Amino acid sequence: MGIRKKSSKNPPVLSHEFIIQNHADIVSCVAMLFLLGLMFEITSKIAVLFITVQYNVTVTASEGSEETAVNYFHHGLKDMATIFFYMLVAIIMHAIIQEYVLDKINRKMHFSKTKHSKFNESGQLSAFYLFSCAWGASILFSENILSNPVSLWEGYPHTLMPFQMKFYYICQLGYWLHALPELYFQKIKKEDIPRQLVYISLYLVHIAGAYILNLNRLGLVLLVLHYFVELLFHISRIIYFSNEERQAGFSVWAVLFVLARLLTLSLSVLTVGFGLAGAEQQGLSLSEGNFNVLFIRVTVLAAICTSQAFMMWKFINFQLRRWREHAPTTVLKKKSSSVKGKSRKANGVNGSVSTNGADSPRVKKEKSS
């Protein structure tokens, strides 16, 4: 699906086909209305709610004798408007990547219908995972979270976030929300919709949970780790579609996938099970953003463990399916090689071709005197 698609027949206005073909243009017009709203004083206050990040808090930090003002942000209900706007932006970016990158590659490669849909899915997700992984890693380094793992639970609740971290979560929620209408815009098959809904829901629940419960630092680390492994999988699948003999990337991904699941469980148990359990601030306080109680900690760990177990189950099924698909081909290759070897032995000894039968030249008979 692209921004514009030429067709011989013009579908009726506001029909399903019309909306699907022109949905990127329609969404672009809606997003432009919010941007135009910034130009007028009457509508600027409403437009700002959708475009800019809300809940700004200025904190003065003393560096020696000088005091500098640092801007932080916390979450609230107004974030829903901002998430909606960046969901529209994600739909537009999705259409641009599809039209100007993926469709051009599809025309050159001449994929089948099954490979065509999988290639589009991997292409879109590879671009998103690459961007999100690089952006998230830069935030981790700038906030010194990787160099100081204790900061994952130290000072909880982490109600105040820097601009980059809050905007990162806004964009993440906007992207995964945009995946819901894309099921309609991309004409996803009915049998594929349940699978898509499951993993979209898992992303939304975990990202929103980390954002609302002020576990934003732990959530950011786990997202970057997960996105890196998923990026490797989708890049390997794209390479496999271009040349089916190149499957080394899947082996590397399989090892990293298992390690990522173990690391995710370890960090979660260390942060939620031990770090927050021994923190000074215990109790439930919505005004302070403190959710450090036993029931919530157990619920968070149960959700993470359940999702990791589900992913491992899908991973094992995927590996078994690949093994079943490639087992017959390997058997056929072995049989063909053995048949060729036997035929060579029949036609010669120690690699030398025999001179019997039709391969030998005729012997001329001598004339009798």
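Being a predicted model, the structure only gives us computed values, none of them experimental. Note that these values count all heavy atoms, side chains included, but never hydrogens, waters or copies made by symmetry.
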Counting only pairs under 3.5 Å, give me each side-chain donor-acceptor contact of residues 251-270, with atom names and distances, residues two or more places apart or in other chains.
from	atom 1	to	atom 2	distance (Å)
R261	NE	Q308	OE1	2.4
R261	NH2	H226	ND1	3.3
T264	OG1	A260	O	2.7
S266	OG	L262	O	2.8
S268	OG	T264	O	2.7

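Aromatic ring pairs are classed by plane angle as parallel below 30°, tilted from 30° to 60° and perpendicular above 60°; the pair H75 and Y211 is tilted. Using cut-offs of 30° and 60° for the angle between ring planes, the Y203 and Y129 rings count as tilted.
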Could you walk me through whether T52 and T82 pass the side-chain contact (heavy atoms from CB on, under 4.5 Å) test, one step at a time? CA-CA 7 Å; T52 61; T82 313; over 6 Å; no
Going through the checks in order, is the side-chain contact (heavy atoms from CB on, under 4.5 Å) test met by Y156 and N290? CA-CA 8 Å; Y156 181 84; N290 189 6; 3.3 Å; yes
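Legend: salt bridge (Lys or Arg N to Asp or Glu O under 4.0 Å) pairs involving residues 146-170, not counting sequence neighbours, sorted by first then second residue: D79-K166.
The closest side-chain donor-acceptor pair between H74 and N214, if any, does not fall under 3.5 angstrom. In this structure, a donor-acceptor pair under 3.5 Å is absent between the side chains of N292 and Q281. Of the N and O atoms on the side chains of H234 and S126, not one donor lies less than 3.5 Å from an acceptor on the other residue. With no hydrogens or angles considered, no side-chain donor-acceptor pair links Y184 and H23 at under 3.5 Å.
With sequence neighbours left out, E143 forms a salt bridge (Lys or Arg N to Asp or Glu O under 4.0 Å) with no residue at all.
A salt bridge is absent between K187 and E182; no separation between the charged side-chain nitrogens and carboxylate oxygens falls under 4.0 Å.
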